[in-house]
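First the structure, in the form of C-alpha coordinates, and then the observations on it.
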Amino acid sequence: MERSSANLWRKINSRYNLVGCKCQNCGALYFPSRVVCRKCGRDSKITEARFSGNGVISSYTNIRVPPDSFKEEAPYTIAIVKLDEGPSVEGHVVESGGEVKIGSRVRAVFRKMYVEGDEGLIYYHYKFELA
Ligand SMILES: [Zn+2]
(Lines give C-alpha, C1' and ligand atoms only; values in the text may rest on other atoms or scores of the structure.)
Protein backbone atom coordinates (compact mmCIF):
# COMPACT_ATOMS: atom_id res chain seq x y z
CA MET A 1 0.00 0.00 0.00
CA GLU A 2 1.34 3.41 -0.97
CA ARG A 3 1.93 5.64 2.04
CA SER A 4 2.82 8.98 0.42
CA SER A 5 1.10 12.05 1.78
CA ALA A 6 -0.20 12.94 -1.70
CA ASN A 7 -1.89 9.57 -1.98
CA LEU A 8 -3.30 9.92 1.52
CA TRP A 9 -4.61 13.38 0.69
CA ARG A 10 -6.28 12.11 -2.50
CA LYS A 11 -8.05 9.45 -0.49
CA ILE A 12 -9.12 11.93 2.16
CA ASN A 13 -10.32 14.42 -0.45
CA SER A 14 -12.34 11.71 -2.17
CA ARG A 15 -13.83 10.45 1.11
CA TYR A 16 -14.65 13.90 2.44
CA ASN A 17 -15.76 15.67 -0.70
CA LEU A 18 -16.89 12.96 -3.12
CA VAL A 19 -14.19 13.88 -5.60
CA GLY A 20 -13.96 11.57 -8.58
CA CYS A 21 -13.02 12.40 -12.13
CA LYS A 22 -14.31 13.32 -15.56
CA CYS A 23 -12.92 12.34 -18.94
CA GLN A 24 -12.75 15.60 -20.90
CA ASN A 25 -12.58 13.57 -24.11
CA CYS A 26 -15.98 11.82 -23.86
CA GLY A 27 -17.58 13.31 -20.72
CA ALA A 28 -17.67 10.05 -18.74
CA LEU A 29 -17.76 10.52 -14.95
CA TYR A 30 -16.17 8.13 -12.45
CA PHE A 31 -16.18 7.65 -8.71
CA PRO A 32 -13.78 6.68 -7.35
CA SER A 33 -11.34 8.38 -9.65
CA ARG A 34 -9.52 6.50 -12.41
CA VAL A 35 -6.29 7.16 -14.27
CA VAL A 36 -7.67 6.03 -17.65
CA CYS A 37 -11.20 6.34 -19.08
CA ARG A 38 -12.86 2.96 -19.74
CA LYS A 39 -14.12 4.17 -23.12
CA CYS A 40 -11.20 6.25 -24.35
CA GLY A 41 -8.16 4.31 -23.15
CA ARG A 42 -5.05 6.13 -24.31
CA ASP A 43 -7.08 9.13 -25.52
CA SER A 44 -8.29 9.79 -21.93
CA LYS A 45 -8.12 13.35 -20.63
CA ILE A 46 -8.88 12.87 -16.94
CA THR A 47 -9.60 15.83 -14.67
CA GLU A 48 -10.93 16.02 -11.11
CA ALA A 49 -14.71 16.21 -10.71
CA ARG A 50 -16.61 16.89 -7.50
CA PHE A 51 -20.00 15.25 -7.11
CA SER A 52 -22.98 16.83 -5.39
CA GLY A 53 -23.65 13.83 -3.15
CA ASN A 54 -27.33 13.91 -4.15
CA GLY A 55 -28.80 10.73 -5.58
CA VAL A 56 -31.24 7.86 -5.34
CA ILE A 57 -30.93 4.52 -3.54
CA SER A 58 -30.79 1.76 -6.16
CA SER A 59 -30.12 -1.11 -3.73
CA TYR A 60 -29.58 -1.59 0.00
CA THR A 61 -29.08 -4.17 2.69
CA ASN A 62 -29.29 -4.15 6.46
CA ILE A 63 -26.19 -5.31 8.33
CA ARG A 64 -26.82 -7.11 11.60
CA VAL A 65 -23.50 -8.96 11.89
CA PRO A 66 -20.84 -6.32 11.15
CA PRO A 67 -17.04 -6.41 11.11
CA ASP A 68 -15.44 -5.50 14.47
CA SER A 69 -14.83 -1.88 13.50
CA PHE A 70 -18.58 -1.28 13.04
CA LYS A 71 -19.95 -3.48 15.83
CA GLU A 72 -21.24 -0.51 17.82
CA GLU A 73 -23.21 0.76 14.83
CA ALA A 74 -25.11 -2.43 14.07
CA PRO A 75 -27.72 -2.83 12.87
CA TYR A 76 -27.11 -0.37 10.04
CA THR A 77 -27.92 0.03 6.37
CA ILE A 78 -25.51 0.00 3.43
CA ALA A 79 -26.83 1.33 0.12
CA ILE A 80 -25.78 1.67 -3.47
CA VAL A 81 -26.61 5.25 -4.42
CA LYS A 82 -26.88 6.33 -8.04
CA LEU A 83 -25.60 9.89 -7.92
CA ASP A 84 -27.47 12.53 -9.94
CA GLU A 85 -24.34 12.91 -12.07
CA GLY A 86 -24.41 9.21 -13.01
CA PRO A 87 -21.85 7.13 -11.08
CA SER A 88 -23.03 4.69 -8.40
CA VAL A 89 -21.34 4.68 -5.00
CA GLU A 90 -21.69 2.58 -1.89
CA GLY A 91 -22.20 4.08 1.52
CA HIS A 92 -23.71 3.81 4.97
CA VAL A 93 -27.16 5.30 5.43
CA VAL A 94 -27.38 7.24 8.68
CA GLU A 95 -30.42 6.89 10.91
CA SER A 96 -32.76 9.69 10.00
CA GLY A 97 -36.17 8.44 11.02
CA GLY A 98 -37.47 7.85 7.51
CA GLU A 99 -37.90 4.54 5.73
CA VAL A 100 -35.07 3.50 3.42
CA LYS A 101 -36.51 2.23 0.13
CA ILE A 102 -35.28 1.68 -3.39
CA GLY A 103 -35.83 5.04 -5.06
CA SER A 104 -35.40 7.10 -1.85
CA ARG A 105 -33.68 10.44 -2.44
CA VAL A 106 -30.52 10.85 -0.36
CA ARG A 107 -27.74 13.37 0.14
CA ALA A 108 -24.17 12.82 1.28
CA VAL A 109 -23.21 13.96 4.76
CA PHE A 110 -19.86 13.91 6.53
CA ARG A 111 -19.85 11.61 9.56
CA LYS A 112 -17.63 9.66 11.89
CA MET A 113 -16.94 6.25 10.34
CA TYR A 114 -15.13 4.36 13.09
CA VAL A 115 -12.62 4.68 15.92
CA GLU A 116 -9.38 2.75 15.59
CA GLY A 117 -7.08 1.40 18.27
CA ASP A 118 -6.47 2.29 21.89
CA GLU A 119 -5.57 5.86 20.95
CA GLY A 120 -9.07 6.36 19.60
CA LEU A 121 -8.07 7.61 16.15
CA ILE A 122 -11.33 8.70 14.52
CA TYR A 123 -11.92 8.15 10.82
CA TYR A 124 -14.47 10.22 8.94
CA HIS A 125 -16.18 9.43 5.66
CA TYR A 126 -19.20 10.43 3.63
CA LYS A 127 -22.44 8.66 4.50
CA PHE A 128 -25.94 9.19 3.14
CA GLU A 129 -29.10 10.47 4.78
CA LEU A 130 -32.62 10.57 3.43
CA ALA A 131 -33.24 13.90 1.68
ZN1 LIG B 1 -13.45 9.10 -22.13
Side-chain angles (χ1 to χ4, degrees):
M1 187 165 93
E2 191 184 339
R3 286 277 193 189
S4 76
S5 60
N7 190 46
L8 181 64
W9 175 247
R10 267 196 300 278
K11 285 182 181 168
I12 287 173
N13 197 24
S14 129
R15 285 198 300 238
Y16 287 12
N17 299 317
L18 274 171
V19 172
C21 70
K22 179 176 185 175
C23 174
Q24 297 296 333
N25 192 41
C26 71
L29 293 160
Y30 297 102
F31 186 89
S33 198
R34 302 174 52 88
V35 175
V36 174
C37 175
R38 278 194 202 113
K39 298 172 191 163
C40 300
R42 69 174 63 177
D43 294 327
S44 302
K45 294 191 183 89
I46 300 295
T47 58
E48 206 173 79
R50 186 171 177 155
F51 296 97
S52 66
N54 298 317
V56 172
I57 290 178
S58 58
S59 178
Y60 69 94
T61 188
N62 295 315
I63 306 293
R64 292 189 172 77
V65 185
D68 282 351
S69 45
F70 298 121
K71 64 186 174 199
E72 286 168 20
E73 267 191 72
Y76 58 90
T77 301
I78 297 278
I80 306 289
V81 173
K82 184 168 175 45
L83 298 172
D84 289 347
E85 296 89 347
S88 289
V89 303
E90 180 193 291
H92 286 223
V93 179
V94 296
E95 207 49 60
S96 56
E99 188 188 353
V100 173
K101 294 180 291 197
I102 289 175
S104 296
R105 291 281 311 164
V106 291
R107 61 175 161 254
V109 291
F110 182 62
R111 293 285 187 275
K112 183 171 89 175
M113 197 65 175
Y114 58 90
V115 180
E116 183 181 273
D118 297 336
E119 293 168 11
L121 192 58
I122 299 172
Y123 285 83
Y124 290 88
H125 207 280
Y126 64 83
K127 294 185 177 181
F128 291 97
E129 70 177 12
L130 294 175

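Whatever order the structure lists them in is the order used to number ligands and atoms, beginning at 1.
For residues 79-99, the ring pair (Phe, Tyr, Trp, His ring centres under 6.0 Å) pairs, not counting sequence neighbours, are Phe70-His92, Tyr76-His92.
Counting heavy atoms from C-beta outward, Val89 and Phe51 have side chains that stay 4.5 Å or more apart.
With a cut-off of 2.8 Å, the protein N/O/S atoms near the Zn ion (ligand 1) add up to 4.
Other residues, nucleotides and ligands contribute over 12 non-hydrogen atoms within 6.0 Å of the CD atom of Gln24.
Under the rule for a side chain to side chain donor-acceptor pair (under 3.5 Å), the partners of Ser52 that lie at least two apart in sequence or sit in another chain are Glu85. Every residue meeting the side chain to side chain donor-acceptor pair (under 3.5 Å) condition with Asp84, not counting sequence neighbours, appears here in chain and number order: Arg105.
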Subject >> Step-by-step side chain to side chain contact (heavy atoms under 4.5 Å, CB included) determination, Lys127 to Glu129 >> reply: CA-CA 7 Å; Lys127 294 185 177 181; Glu129 70 177 12; over 6 Å; no

